[in-house]
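First the structure, in the form of structure tokens, and then the observations on it.
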Protein chains: 2
Amino acid sequence: MPNQARPSTGEQARQHALARLRQAILHGEMAPAQRLVENELAEQFGVTRASVRAALIELESEGLVERIRNRGSRVRVVTVEEAVAITECRMVLEGLCAGKAAVEASDEQLDQLAALGEAMSKAVADGEPVTYSDLNHELHAHIRQFSGQQVAVGLLERLNGQLVRHRFQLALRPGRPQKSLSEHLAMIDTIRARDPQAAEAAVRAHLAGVIDALRE
Amino acid sequence: MPNQARPSTGEQARQHALARLRQAILHGEMAPAQRLVENELAEQFGVTRASVRAALIELESEGLVERIRNRGSRVRVVTVEEAVAITECRMVLEGLCAGKAAVEASDEQLDQLAALGEAMSKAVADGEPVTYSDLNHELHAHIRQFSGQQVAVGLLERLNGQLVRHRFQLALRPGRPQKSLSEHLAMIDTIRARDPQAAEAAVRAHLAGVIDALRE
DNA sequence: TCGAACAACATTGTCAACAATTTCGTTCGA
DNA sequence: TCGAACGAAATTGTTGACAATGTTGTTCGA
């Protein structure tokens, strides 16, 4: 792995280490269950061990890293059962957000959702699962954002961080995009119709489908 | 404040500091918005500053303290708006738990809920709001626990930690226990009837009531 | 008297060294 | 040959000191 660290700035070292490490885990550069030795990371990022340590503590409470006393840190592996439990929480929280978004969103924002829906339809028609997966993620992020529910947004972003690895597997499954597309379009339609209850139901139906898919 | 620190164990200092500090905040020993100076806390708890620092970083991501670069830490103050937003999240997450508890709980556990319900009725009849508040808290904790949904439990415990100060105010409001009691009994009944949808609805109705009360 | 530059102070951020703990390989004995 | 005790290496936990940053009180000039 290349030493991409800055020339040892000395300024805001911890934040630098935190950002780099989080990105590395989220982008899958670190293998699951890989050991995270403080000294190695410190050298790799060009900061001191104390900064790495602080970053690891923070990542632990984000659920990305697992720390055991006197034993060290590992990239946390999320089992399928945990992924299901996490998605159940996403289900109700995103349902809350969708309901609020149906009420709170501006007309311009609703147009953005419509545009996203068309882009997703096109991606599926063109058979581009990666593009579709990106748009999918973007759609959910937009709905969260439009809800204005900052607490829920915070919780959801944390939960999503723990699912990076599972999301990949799901997107590439054959036939999956077709099924999920109609669910997504239903979410968009109900929000645009400014119907909170229907929007919540649509989001929950969609994520219930994701849970089924996770279980294979 | 008495120096309740151990005679400087040297072992697991950070965990000690973390526990003491969290307890102090949760028990209201620290005034809202009080400054938390690392040196003072270190001396108070009989640990080094690094341990206090680690504890503060962890408490920050729990939402109990607020940290600003080069400016220090404060006990985080939760505005009424935030308390409402937090309770909205609690509403959907506890709804999820109640639905699962209605399916997963054992018969013995359902009996525990029934017993709690009777105790709560008695506390209201006897006009003991503090006892009632404790039982209230206990009931919610039991339902969470019986759901077996560890992820939701984790999120809820964190959210509840941020509400300590608001909970007090709510419990002592005249007339509040009477209204909330019937809602709680409905929650218990629907779970004992093993009706997930009704249980979820009952919990959400109850917490919607709490939100109304929070808004005064 | 009021405002701005300045300096002293308080506090956090960073660092390198030391102590404690765990892990793993080795040796000794049955 | 197998198992347990032992010891060395690796790694984390802790400590005190130093550097960077923000804050506050003071002085000088208009």
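Chain letters run A, B, ... following the sequence lines, proteins first and then strands; every chain starts at 1. Reckoned from all heavy atoms, side chains included, excluding hydrogens, waters and symmetry mates.
For A/Gln15 and D/dA20, the CD to P distance is 18 Å, given to the nearest whole Å. Separating the CD atom of B/Glu58 from the P atom of D/dG13 is a distance of 12 Å, rounded to the nearest angstrom. In this structure, CD of B/Gln34 is placed 13 Å from P of C/dT11, rounded to the nearest angstrom. Rounded to whole Å, atom P of D/dG16 lies 12 Å from atom CG of B/Asn39. Note: CG (B/Leu36) to P (C/dA10) measures 19 Å, nearest angstrom. Here the C1' atom of nucleotide C/dC18 and the CD atom of A/Glu38 are 15 Å apart, to the nearest Å. The distance between atom CG of B/Leu41 and atom C1' of C/dT11, rounded to the nearest whole Å, is 12 Å. To the nearest angstrom, C1' of C/dT12 lies 14 Å from CZ of B/Arg74.
Within residues 48-57 of chain A, the residues that have a heavy atom under 4.0 Å from DNA chain D are, in order of number, A/Arg49, A/Arg53. Sorted by residue number, the list of members of residues 59-68 of chain B with any non-hydrogen atom under 4.0 Å from DNA chain D is empty.
Partners of A/Glu104 according to the side-chain contact (heavy atoms from CB on, under 4.5 Å) rule, which considers only residues two or more places apart in sequence or in another chain, do not exist here. For B/Arg71, the side-chain contact (heavy atoms from CB on, under 4.5 Å) partners are B/Ile68, not counting sequence neighbours. By the salt bridge (Lys or Arg N to Asp or Glu O under 4.0 Å) test, B/Arg194 pairs with B/Asp107, sequence neighbours left out. Here B/Glu128 pairs with B/Asp126, B/Thr131 under the side-chain contact (heavy atoms from CB on, under 4.5 Å) rule; sequence neighbours left out. A search for salt bridge (Lys or Arg N to Asp or Glu O under 4.0 Å) contacts involving A/Glu183 returns A/Lys179, not counting sequence neighbours. The side-chain contact (heavy atoms from CB on, under 4.5 Å) test applied to B/Val164 returns B/Leu26, B/Arg167, not counting sequence neighbours. Residues passing the side chain to side chain donor-acceptor pair (under 3.5 Å) test with B/Arg53, sequence neighbours excluded: B/Glu38. Qualifying ring pair (Phe, Tyr, Trp, His ring centres under 6.0 Å) partners for A/His142, counting only residues two or more places apart in sequence or in other chains: A/Phe146.
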Taking only distance into account, with no hydrogens and no angle test, what donor-acceptor pairs under 3.5 Å do side-chain atoms of residues 83-99 of chain A form with protein atoms, sequence neighbours excluded?
unit_1: A/Thr87; atom_1: OG1; unit_2: A/Ala83; atom_2: O; d: 2.7
unit_1: A/Glu88; atom_1: OE1; unit_2: B/Gln149; atom_2: NE2; d: 2.9
unit_1: A/Glu88; atom_1: OE2; unit_2: B/Lys100; atom_2: NZ; d: 3.1
unit_1: A/Arg90; atom_1: NE; unit_2: A/Glu94; atom_2: OE2; d: 3.2
unit_1: A/Arg90; atom_1: NE; unit_2: A/Asn160; atom_2: OD1; d: 3.4
unit_1: A/Arg90; atom_1: NH2; unit_2: A/Glu94; atom_2: OE2; d: 3.1
unit_1: A/Glu94; atom_1: OE1; unit_2: A/His140; atom_2: ND1; d: 2.6

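A salt bridge does not link B/Glu60 with B/Arg76: every distance from a Lys NZ or Arg NE/NH1/NH2 to an Asp or Glu carboxylate oxygen is 4.0 Å or more.
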Show the distances under 3.5 angstrom between N or O atoms of the protein and N or O atoms of nucleotides 22-24 of chain C.
unit_1: C/dT23; atom_1: OP1; unit_2: A/Arg71; atom_2: NE; d: 2.6
unit_1: C/dT23; atom_1: OP1; unit_2: A/Arg71; atom_2: NH1; d: 3.3

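A donor-acceptor contact closer than 3.5 angstrom links the side chains of B/Tyr132 and B/His184.
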